[in-house]
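Because the structure is predicted, anything quoted here is derived from the model rather than measured. FYI, side chains are in, hydrogens and waters are out, and symmetry mates aren't considered; it's all heavy atoms of this structure.
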Amino acid sequence: MLSMLKEKDMTAGEIAAQFDISWPSISHHLNTLKQAGMVVDERKGQNIYYSLNTSVFEEVVAFAFELLGRKDDERVEK
(Lines give C-alpha, C1' and ligand atoms only; values in the text may rest on other atoms or scores of the structure.)
Protein backbone atom coordinates (compact mmCIF):
# COMPACT_ATOMS: atom_id res chain seq x y z
CA MET A 1 0.00 0.00 0.00
CA LEU A 2 2.74 2.42 0.93
CA SER A 3 4.62 1.95 -2.32
CA MET A 4 1.38 2.48 -4.26
CA LEU A 5 0.64 5.67 -2.33
CA LYS A 6 4.20 6.82 -3.00
CA GLU A 7 3.24 7.02 -6.66
CA LYS A 8 -0.12 8.81 -6.27
CA ASP A 9 -3.04 9.48 -3.95
CA MET A 10 -5.66 6.71 -4.14
CA THR A 11 -9.12 5.83 -2.87
CA ALA A 12 -9.69 2.74 -0.75
CA GLY A 13 -11.40 1.14 -3.75
CA GLU A 14 -8.39 1.75 -5.99
CA ILE A 15 -6.13 0.28 -3.34
CA ALA A 16 -8.40 -2.71 -2.71
CA ALA A 17 -8.50 -3.52 -6.44
CA GLN A 18 -4.75 -4.26 -6.27
CA PHE A 19 -5.05 -6.89 -3.52
CA ASP A 20 -6.74 -10.23 -3.13
CA ILE A 21 -8.04 -9.53 0.39
CA SER A 22 -11.37 -8.32 1.72
CA TRP A 23 -12.42 -4.66 1.81
CA PRO A 24 -12.67 -4.75 5.63
CA SER A 25 -9.03 -5.91 5.72
CA ILE A 26 -8.00 -3.04 3.44
CA SER A 27 -9.92 -0.62 5.65
CA HIS A 28 -8.26 -2.04 8.75
CA HIS A 29 -4.78 -1.66 7.24
CA LEU A 30 -5.50 1.91 6.14
CA ASN A 31 -6.78 2.80 9.60
CA THR A 32 -3.66 1.30 11.18
CA LEU A 33 -1.45 3.34 8.84
CA LYS A 34 -3.47 6.47 9.65
CA GLN A 35 -3.13 5.89 13.39
CA ALA A 36 0.62 5.48 12.94
CA GLY A 37 0.69 8.81 11.11
CA MET A 38 2.09 7.23 7.96
CA VAL A 39 -1.00 7.90 5.84
CA VAL A 40 -3.41 10.83 5.74
CA ASP A 41 -6.84 10.98 4.18
CA GLU A 42 -8.78 13.78 2.51
CA ARG A 43 -12.39 13.81 1.40
CA LYS A 44 -12.94 15.04 -2.15
CA GLY A 45 -16.63 14.94 -2.93
CA GLN A 46 -17.90 11.46 -2.16
CA ASN A 47 -14.44 9.90 -2.22
CA ILE A 48 -11.74 9.72 0.42
CA TYR A 49 -8.24 9.84 -0.97
CA TYR A 50 -5.30 8.40 0.93
CA SER A 51 -1.77 9.71 0.60
CA LEU A 52 1.60 9.23 2.28
CA ASN A 53 2.43 11.53 5.13
CA THR A 54 5.83 12.40 3.73
CA SER A 55 6.96 14.36 6.78
CA VAL A 56 6.69 11.19 8.90
CA PHE A 57 8.72 9.22 6.36
CA GLU A 58 11.37 11.93 6.32
CA GLU A 59 11.61 11.64 10.11
CA VAL A 60 11.86 7.83 9.96
CA VAL A 61 14.57 7.96 7.30
CA ALA A 62 16.51 10.59 9.25
CA PHE A 63 16.25 8.48 12.40
CA ALA A 64 17.42 5.36 10.54
CA PHE A 65 20.43 7.23 9.12
CA GLU A 66 21.20 8.56 12.58
CA LEU A 67 21.16 5.04 13.99
CA LEU A 68 23.30 3.71 11.17
CA GLY A 69 25.73 6.58 11.63
CA ARG A 70 26.06 5.83 15.32
CA LYS A 71 26.72 2.16 14.66
CA ASP A 72 29.40 3.04 12.11
CA ASP A 73 30.98 5.49 14.57
CA GLU A 74 30.93 2.86 17.33
CA ARG A 75 32.70 0.33 15.09
CA VAL A 76 35.39 2.85 14.19
CA GLU A 77 36.02 3.70 17.86
CA LYS A 78 36.43 0.05 18.94
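Residues forming a side chain to side chain donor-acceptor pair (under 3.5 Å) with Asn53 (at least two apart in sequence, or on another chain): Ser55. Listed by chain and number, the residues in a side-chain contact (heavy atoms from CB on, under 4.5 Å) with Glu14 are Met10, Thr11, Tyr49 (sequence neighbours excluded).
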N/O donor to acceptor pairs below 3.5 angstrom from side-chain atoms of residues 27-45, sequence neighbours left out:
unit_1 : atom_1 : unit_2 : atom_2 : d
Asn31  : ND2    : Ser27  : O      : 3.3
Thr32  : OG1    : His28  : O      : 2.9
Lys34  : NZ     : Asp41  : OD2    : 2.9

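Closest of all the heavy-atom pairs between Ile15 and Met4 is CA-CE, 3.8 Å.
Between the CD atom of Glu7 and the CG atom of Leu2 there is a distance of 12.0 Å, given to the nearest 0.5 Å.
Residues Tyr50 and Leu5 meet the side-chain proximity criterion, which asks for heavy atoms closer than 4.5 Å.
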